[in-house]
*Asks:* 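I'd like to ask you about the structure that follows.
Predicted model, so just to flag it, every value in this text is computed and none were measured.
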Amino acid sequence: MTLMQQPRLNQPKITLLAALIVGVIAGCSDRDAARQHTHTEKPLVVAEQPAVEADITSHEQVKRHPIAENSVMLSTPPVESMLLTGAVVTLDAPVADNYQDNPSNGVQQAAQVPLSTFSVDVDTGSYANVRQYLSMGEQPPADAIREEAFVNYFPYDYPLPTTPSQPFAVHTEIAPAPWHEDRQLLRIGLQGYDLTLEERQPSNLVFLVDVSGSMSDPNRLPLLVQSLQMLAKNLNENDSVSIVTYAGSSQVVLPATKGDQTETILAALQQLTSGGSTNGQGGIKMAYQQAKTHFIDGGTNRVLLATDGDFNVGMTDIDALKALIADERDNGISLTTIGFGRGGYNDHLMEQLADVGDGNHAYIDSLHEAQKVLVRQMSGTLQTIARDVKIQVEFNPNTVKEYRLIGYQNRLLNDEDFNNDAVDAGEIGAGHSVTALYEITLVGDQGQIDERRYQNEDASSDDAKQGSTFNNELAQVKVRYKLPEDDNSELLTTIVARDALLTSFNKASESFQFAAASAAFAQKLKDNSYVETLDYAQIAEIANNNRGDDPFNYRGEFVKLVQLAESLH
């Protein structure tokens, strides 16, 4: 047969063959090859083929952020001294991370929209994720930045509750905003009851570990193993641990084992190796089966999903996956997600699954972060003290012209959801604190929205229908929550008085000023225009002046991170 007589191969086969050859040469796993279908700004140089979007994020707007080619990946504490040495990975091509559309909240007029309702959120994964971008010398994508995660990453000095029957109290503080003379900052803080070791419930834990091919990078499976080993060393004889792995298939590599059998658990973790594609559906189903088999009545029953969050085999319908996790949540089994890796990291999916599963989402980029999430905050990570926690703020239009909630964009609720106990909301773990910040403009100050010509004038008059009694009130803050064993919610209410407004930002508490700095930093990185008058150097100065007691250097690291961000601009 001559060259001209040879049968013509069709283009899809050529494309597939080229992709396979490139994958073999680069030593890629099955899953790494699959990543070539992800949209990037700098496509791989192989036979042309259309980009394929994964169905896992259907029904949601998702953005993908490509990392620079040949980026250095470090599984070390960013900014601070290295805890893991020599852990360097060179990417052969840019690979995209997944983020949900996440624009900042806009300004609302109190006379038109007096109620602001949202679910609490203690997830801090966004802060650690953004920290890694900056430590690699890259500007993080705007949608990766969730302002509330920056604020809630740090502990504050709220008074601790004294009894688990009253799991938290509401604390408020109000002072001028550091970025605009006509703006005030209202801080709402919740501090959870902190459990002693003796009070911690027995835990039935299932470590669900992604061991697919792409997890071989040092900042993925190796760091994941070391992180879970830290947690395992702090369990006791009342706890139970199972380990389920998933790649192309799923398996139980460690049946339920008492928490004090530390060496057995550590050995099982140490033997984990990566390879194959990612059947997340099979892994999740098997993990829940393990949790149900060894269910502890009156204890904590939780699946800890540790992965880079990219499921490319099995269930690809996000709604079906959410339904599965919600059903198991109603059966008393929660889900916590722990993210690893850079390049192909699915932040959007990881946060969604944790929200539906009544758990929290963390991102681990170093042993330093693993120690924070899984050791120092172990009780909060594992044990819930309040469920379905919602906040509703009613602003008084006689005294407040405008307001803006900083962060919590994907936690907003309908106003009627506040009193509906059937509506799922966020959880607070033992010892966790939750902070929310509102930027407000008082009546008489220059607002950001023009006055409405035809609005009801009575709302701002001294003879308003509500009467002069309320003219010293700025807002009413209401919090609903359920105790872990209850189906009916409890209500807490507090009033924010106008005479509580401090005369200057510098008179606010140390923790208030630091929280303001963290919120300003997030907004500055997000480039949302609300803090244009405050530069990075000023944010770093505020944070540095209000470090306070910082035994683990979280706030000191923040100051260096702000300085690093300044150098990148």
*Asks:* If you compare all heavy atoms of Gln139 against all heavy atoms of Leu525, which two are closest, and at what distance to 0.1 Å?
*Replies:*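 Looks like NE2-O, 3.5 Å.
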
*Asks:* Hey, what do you get for OG1 (Thr494) to CD1 (Ile188), rounding to the nearest 0.5 Å?
*Replies:* 9.5 Å

*Asks:* For residues Gln290 and Pro255, report the shortest heavy-atom separation together with the two atoms involved.
*Replies:* NE2-CA, 4.4 Å

*Asks:* Can you name the one residue among Asp308, Asp365, Asn129 that meets side-chain hydrogen bond (donor to acceptor under 3.5 Å, both in side chains) with Arg342?
*Replies:*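 Going through Asp308, Asp365, Asn129 one by one, the side-chain hydrogen bond (donor to acceptor under 3.5 Å, both in side chains) with Arg342 is satisfied by Asn129 alone.
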
*Asks:* Examine distances only and state if a side-chain atom of Asp330 and a backbone atom of Asp327 form a donor-acceptor pair shorter than 3.5 Å.
*Replies:* no

*Asks:* Residues two or more places apart in sequence or in another chain: which of them pass salt bridge (charged side-chain N to carboxylate O under 4.0 Å, His left out) with Asp358?
*Replies:*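 Asp358 satisfies salt bridge (charged side-chain N to carboxylate O under 4.0 Å, His left out) with no other residue.
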
*Asks:* Looking at every non-hydrogen atom in both residues, tell me the closest pair between Asp388 and Asp421 and how far apart they are.
*Replies:* OD2-O, 4.3 Å

*Asks:* Tell me whether Gln523 contacts the main-chain N or O of Ala519 through its side chain, where contact means a donor paired with an acceptor under 3.5 Å.
*Replies:* yes

*Asks:* Could you tell me whether the side chain of Ile391 reaches within less than 4.5 Å of the side chain of Leu190, counting heavy atoms only?
*Replies:*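 Side chain of Leu190 against side chain of Ile391, heavy atoms only: contact under 4.5 Å found.
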
*Asks:* Ignoring hydrogens and angles, tell me if any N or O in the side chain of Asn301 forms a donor-acceptor pair with the backbone of Ile296 under 3.5 Å.
*Replies:* yes

*Asks:* At what distance, to the nearest 0.5 angstrom, does CD1 of Ile364 lie from CE of Met230?
*Replies:*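 Interatomic distance, Ile364 CD1 to Met230 CE, rounded to 0.5 Å: 8.5 Å.
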
*Asks:* Just so I know, are the side chains of Thr117 and Glu416 near enough to count as touching, which here means a heavy-atom distance under 4.5 Å?
*Replies:*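 No - every pair of side-chain heavy atoms lies 4.5 Å or more apart.
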
*Asks:* With sequence neighbours excluded, tell me which residues meet salt bridge (charged side-chain N to carboxylate O under 4.0 Å, His left out) with Arg480.
*Replies:*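 Salt bridge (charged side-chain N to carboxylate O under 4.0 Å, His left out) list for Arg480, sorted by chain: empty.
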
*Asks:* Check for a donor-acceptor pair, side chain of Arg387 on one end and backbone N or O of Glu427 on the other, with a separation under 3.5 Å.
*Replies:*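 A pair under 3.5 Å: no.
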
*Asks:* Would you confirm whether Ser212, through its side chain, and Ala247, through its main-chain N or O, come within 3.5 Å as a donor-acceptor pair?
*Replies:* no

*Asks:* Working to the nearest 0.5 angstrom, can you tell me the gap between Ser165 OG and Ile385 CD1?
*Replies:* 11.0 Å

*Asks:* When you compare the side chain of Leu491 with that of Lys478, does any pair of heavy atoms fall below 4.5 Å?
*Replies:*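 Sidechains of Leu491 and Lys478: in contact.
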
*Asks:* Of Thr381, Asn204, Thr336, Leu335, which is the lone residue that meets side chain to side chain contact (heavy atoms under 4.5 Å, CB included) with Arg302?
*Replies:*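 Running side chain to side chain contact (heavy atoms under 4.5 Å, CB included) over Thr381, Asn204, Thr336, Leu335 with Arg302 returns exactly one hit, Thr336.
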
*Asks:* Counting C-beta onward and ignoring hydrogens, is there a side-chain heavy-atom pair between Glu148 and Thr435 closer than 4.5 Å?
*Replies:*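 Sidechains of Thr435 and Glu148: no contact.
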
*Asks:* State, with a plain yes or no, whether a side-chain heavy atom of Asp347 is found less than 4.5 Å away from one of Asp97.
*Replies:* no

*Asks:* What are the two closest heavy atoms between Leu382 and Leu304, and how far apart are they?
*Replies:*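 Closest approach of Leu382 to Leu304, heavy atoms only: CD2-CD1, 4.4 Å.
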
*Asks:* So, Asp143 side chain and Tyr99 main chain: donor-acceptor pair closer than 3.5 Å or not?
*Replies:* no

*Asks:* Under a 3.5 Å distance rule, please check whether Asp239 uses its side chain to pair with a backbone N or O of Ser203 as donor and acceptor.
*Replies:* yes

*Asks:* Using 0.5 Å steps for rounding, measure from the CZ atom of Phe521 to the CD atom of Glu147.
*Replies:*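 Here the interatomic distance stands at 12.5 Å.
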
*Asks:* Indicate the ring-plane relationship of Tyr554 and Tyr153, choosing parallel, tilted or perpendicular according to the 30° and 60° boundaries.
*Replies:* perpendicular

*Asks:* May I ask you to check whether over 12 heavy atoms, not counting those of Asp487, lie within 6.0 Å of atom CG?
*Replies:*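 Result for CG/Asp487: open.
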
*Asks:* Is the distance between the ring centroids of Phe154 and Phe558 under 6.0 Å?
*Replies:*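 Yes, close enough.
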
*Asks:* Looking at every heavy atom in both Gln409 and Leu412, which two are closest together, and how far apart are they?
*Replies:*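 Reported closest heavy-atom pair: O-CG, 3.5 Å.
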
*Asks:* The test is side chain to side chain donor-acceptor pair (under 3.5 Å); show your working for Gln270 and Gln229 and say whether it passes.
*Replies:* CA-CA 9 Å; Gln270 196 62 47; Gln229 285 178 329; 3.0 Å; yes

*Asks:* For Asp123 and Gly125, indicate whether the former's side chain and the latter's backbone hold a donor-acceptor pair under 3.5 Å.
*Replies:*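 No; zero donor-acceptor contacts below 3.5 Å.
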
*Asks:* Hey, which of Glu351, Gln352, His361 is the one that makes side-chain hydrogen bond (donor to acceptor under 3.5 Å, both in side chains) with Thr337?
*Replies:* His361

*Asks:* Any non-hydrogen side-chain atom of Arg329 less than 4.5 Å from a side-chain atom of Asp424?
*Replies:*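 The answer is yes; the side chains approach within 4.5 Å.
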
*Asks:* Report yes if the side chains of Phe340 and Asp217 come closer than 4.5 Å at any heavy-atom pair, otherwise no.
*Replies:*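 Answer no - side chains too far apart.
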
*Asks:* State, yes or no, whether a side-chain contact exists between Leu321 and Ile284 at a heavy-atom distance under 4.5 Å.
*Replies:* yes

*Asks:* Which pair of heavy atoms, one from Thr300 and one from Gln201, lies closest together, and at what distance?
*Replies:* OG1-OE1, 3.3 Å

*Asks:* Answer yes or no: is there a donor N or O on one side and an acceptor on the other, between the side chain of Ser126 and the main chain of Arg146, under 3.5 Å?
*Replies:* yes

*Asks:* Once the angle between the rings of Tyr403 and Phe395 is folded into 0 to 90°, is it parallel (under 30°), tilted (30 to 60°) or perpendicular (over 60°)?
*Replies:* parallel

*Asks:* Within this structure, what is the CD1-OG1 distance for the pair Ile243 and Thr257, rounded to the nearest 0.5 Å?
*Replies:*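 That separation rounds to 7.5 Å.
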
*Asks:* When rounded to the nearest 0.5 angstrom, what distance separates CG in Leu224 from CD1 in Ile338?
*Replies:*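 CD1 of Ile338 is found 7.5 Å from CG of Leu224.
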
*Asks:* Has Asn105 got a side-chain atom pairing as donor or acceptor with Leu405's backbone, closer than 3.5 angstrom?
*Replies:*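 Indeed, once roles are kept as given, a pair shorter than 3.5 Å links the two residues.
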
